[in-house]
Amino acid sequence: MPDHYDRLGVSAGATPAELKAAYHAKLREFPAHSHPQEFKAIRSAYEALRKAPQPQGDFFDLPPIQVELDETLITQMEQRARSAADVTLEDLILLTF
């Protein structure tokens with residue numbers, strides 16, 4: 001694989017856009033009609049790098065979530081919860097038996 005990078009003249013950490021730009025630059029430098037062997041080698045190097053699996057970050061390495069809560073909504077929900085939880089002893093007895 002390092003040979004492919006050397007053939008295109010890019011570093012191992014090159015992005016797909018950099019690979020494509022280097023590929024087209026090499027094709028202009030070695031046209032197919034006058035340099036058929038170099039053309040084939042450049043094309044095969046580009047295809048190998050283009051189809052190679054790209055390194056992905058760790059699936060479980062997630063960025064932290066930034067959340068801001070609306071205080072008025074929290075207050076409203078708290079009031080609803082308190083009103084739903086207000087039960088008298090008589091209500092509890094009726095609900096239980």
Side-chain angles (χ1 to χ4, degrees):
M1 192 76 77
D3 184 41
H4 296 311
Y5 289 108
D6 292 338
R7 186 167 309 280
L8 291 177
V10 295
S11 66
T15 65
E18 292 171 338
L19 287 174
K20 187 174 183 178
Y23 169 67
H24 288 289
K26 287 289 183 178
L27 289 183
R28 283 190 296 276
E29 187 177 337
F30 298 102
H33 62 279
S34 59
H35 303 283
Q37 294 300 336
E38 289 87 356
F39 178 83
K40 288 179 184 177
I42 292 166
R43 183 158 178 83
S44 66
Y46 175 68
E47 289 297 319
L49 292 176
R50 187 177 67 89
K51 292 180 181 176
Q54 299 295 322
Q56 300 291 328
D58 187 14
F59 179 75
F60 295 104
D61 186 22
L62 299 175
I65 297 174
Q66 300 288 329
V67 178
E68 292 186 24
L69 301 174
D70 187 6
E71 292 296 324
T72 57
L73 290 176
I74 293 174
T75 305
Q76 289 174 358
M77 290 178 66
E78 184 179 338
Q79 289 172 350
R80 286 183 192 167
R82 287 181 189 265
S83 66
D86 283 340
V87 179
T88 63
L89 183 58
E90 186 177 313
D91 292 338
L92 280 176
I93 293 171
L94 290 173
L95 290 171
T96 305
F97 299 107

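This structure is a prediction, so every number in the text was calculated from the model and none was measured. By convention here, the first residue in the shown sequence is residue 1.
Between Leu94 atom CG and Thr88 atom OG1 the span is 8.0 Å, to the nearest 0.5 Å. Residue Glu78 holds its CD atom at 10.0 Å from CD of Glu71, rounded to the nearest 0.5 Å. Distance CG/Asp86 to CZ/Arg82: 9.0 Å, rounded to 0.5 Å. The CD1 atom of Ile42 sits 13.0 Å away from the NE2 atom of His4 when rounded to the nearest 0.5 Å.
Here the closest non-hydrogen pair linking Tyr5 and Ala12 is OH-O, 3.4 Å. Smallest separation of non-hydrogen atoms from Glu29 and His35: O-CD2, 4.3 Å. The two residues Arg7 and Ala45 have their closest heavy-atom pair at CD-CB, 4.0 Å.
Met77 and Val67 fall into different hydrophobic clusters, where Ile, Leu, Val, Met, Phe, Trp and Tyr residues are linked whenever their side-chain heavy atoms come under 4.5 Å apart, directly or through other members.
Ile93 is not listed as a side-chain neighbour of Glu90, based on a closest heavy-atom distance of 4.5 Å or more.
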Which atom pairs, donor and acceptor, lie under 3.5 Å between side-chain atoms of residues 19-27 and protein residues at least two apart or in another chain?
unit_1, atom_1, unit_2, atom_2, d
Tyr23, OH, Arg43, NH1, 2.8

